[in-house]
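The figures here come from the full heavy-atom set of this structure, side chains too, leaving out hydrogens, waters and symmetry mates. In this text, all values refer to a predicted model and were calculated from it rather than measured experimentally. One-based numbering along the sequence shown.
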Amino acid sequence: QVQLVESGGGLVQAGGSLRLSCAASRSIVSIKSMGWYRQAPGKQRELVAAITSGGSTNYADSVKGRFTISRDNAKNTVYLQMNSLKPEDTAVYYCNILLRLGNSDYVPFGSWGQGTQVTVSS
């Protein structure tokens, strides 16, 4: 079973940027879809970005135009570039393997890691 380790979080002012990394313990070439979730205090975990093995991407409306997901199969790593950050982006961010149910309908399929905390100050 592949292990996923998230990193790159931190404290940033509103309008700033961060790049999150998700390192896998083995090759991700055969993994069709991967994504980034976030969970804010008192809220449910939500999918914010997904990417297929072919490079197709999907984003939650709240992050469209600001976040970019990418994957580097050679490095077994998935990234989340976050720009124009807002206080409402504050959350713990997790990556996971996804099972694609439909065009933009995914469910998490792997084990959850520890996540990485992102805090955006106003």
Side-chain angles (χ1 to χ4, degrees):
Q1 189 173 11
V2 61
Q3 303 298 317
L4 303 170
V5 179
E6 303 92 346
S7 63
L11 173 63
V12 64
Q13 288 187 333
S17 299
L18 285 173
R19 187 175 83 153
L20 307 184
S21 298
C22 170
S25 59
R26 64 161 179 82
S27 173
I28 63 172
V29 170
S30 62
I31 298 176
K32 292 186 177 180
S33 300
M34 296 192 71
W36 284 94
Y37 286 80
R38 68 184 180 188
Q39 187 168 22
K43 294 188 177 181
Q44 287 190 330
R45 196 169 297 186
E46 63 170 341
L47 179 65
V48 295
I51 187 166
T52 68
S53 55
S56 297
T57 57
N58 281 287
Y59 297 94
D61 288 343
S62 58
V63 307
K64 277 182 183 176
R66 300 188 297 121
F67 290 11
T68 302
I69 187 171
S70 61
R71 61 191 289 172
D72 186 336
N73 290 339
K75 295 184 178 180
N76 302 331
T77 302
V78 178
Y79 301 99
L80 186 67
Q81 178 67 43
M82 306 187 296
N83 298 328
S84 302
L85 283 162
K86 304 175 180 179
E88 50 263 45
D89 295 318
T90 295
V92 179
Y93 285 72
Y94 305 86
C95 66
N96 209 332
I97 299 167
L98 302 178
L99 179 63
R100 191 176 187 181
L101 303 180
N103 191 30
S104 58
D105 189 13
Y106 298 91
V107 294
F109 193 65
S111 299
W112 294 105
Q114 296 297 310
T116 185
Q117 175 72 47
V118 172
T119 303
V120 184
S121 63
S122 57

Are any of the side-chain heavy atoms of [X] and [Y] separated by less than 4.5 Å?
{"X": "Y106", "Y": "L47", "answer": "yes"}
{"X": "F67", "Y": "L85", "answer": "yes"}
{"X": "L20", "Y": "T116", "answer": "yes"}

Distance-only polar pair, side chains of S21 and E6, donor-acceptor under 3.5 Å: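 No.
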Flag for D72-T77: side-chain donor and acceptor within less than 3.5 Å: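 Distance-only check fails for T77 and D72.
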Pair W112 and Y37, ring centroids less than 6.0 Å apart: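 Yes, ring centres under 6.0 Å apart.
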Between [X] and [Y], is there a shared hydrophobic cluster once you connect ILVMFWY residues whose side-chain heavy atoms come closer than 4.5 Å?
{"X": "L98", "Y": "Y93", "answer": "no"}
{"X": "M82", "Y": "V92", "answer": "no"}
{"X": "W36", "Y": "Y79", "answer": "no"}
{"X": "V12", "Y": "V63", "answer": "yes"}

S25 side-chain N/O to Q3 backbone N/O, donor-acceptor pair under 3.5 Å: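 Yes, because the side chain of S25 sits within donor-acceptor range (under 3.5 Å) of the backbone of Q3.
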N83 (side chain) donor-acceptor with S17 (main chain) under 3.5 angstrom: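 Flag not set: sc N83 to bb S17 has no pair under 3.5 Å.
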How far apart are the closest heavy atoms of [X] and [Y], and which atoms are they?
{"X": "V120", "Y": "T90", "answer": "N-OG1, 2.9 Å"}
{"X": "I69", "Y": "A50", "answer": "CG2-O, 3.6 Å"}
{"X": "S84", "Y": "D89", "answer": "O-OD2, 4.4 Å"}
{"X": "V78", "Y": "I28", "answer": "CG2-CD1, 4.1 Å"}
{"X": "V29", "Y": "S27", "answer": "N-OG, 3.2 Å"}
{"X": "L4", "Y": "A24", "answer": "CD2-CB, 3.8 Å"}

Residue Q114 excluded, over 12 heavy atoms near CD under 6.0 Å: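 Not more than 12 within 6.0 Å, no.
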Check against side-chain contact (heavy atoms from CB on, under 4.5 Å), S62 and R38: CA-CA 12 Å; S62 58; R38 68 184 180 188; 3.4 Å; yes
[X] [atom1] to [Y] [atom2] distance, which is reported to the nearest 0.5 Å:
{"X": "I51", "Y": "I31", "atom1": "CD1", "atom2": "CD1", "result": "12.5 Å"}
{"X": "S33", "Y": "N96", "atom1": "OG", "atom2": "CG", "result": "11.5 Å"}
{"X": "L80", "Y": "C22", "atom1": "CG", "atom2": "SG", "result": "10.5 Å"}

Steps toward side-chain contact (heavy atoms from CB on, under 4.5 Å) verdict (Q81, S70): CA-CA 8 Å; Q81 178 67 43; S70 61; over 6 Å; no
Axial cation check for Y94 ring with R45, 6.0 Å and 45° limits: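 Yes, a cation-pi geometry.
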Worked verdict on I97 versus V2 for side-chain contact (heavy atoms from CB on, under 4.5 Å): CA-CA 9 Å; I97 299 167; V2 61; 3.1 Å; yes
Option from R71, R100, K32 for which side-chain contact (heavy atoms from CB on, under 4.5 Å) with T52 holds: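 So, applying the side-chain contact (heavy atoms from CB on, under 4.5 Å) to T52 and each of R71, R100, K32, only R100 qualifies.
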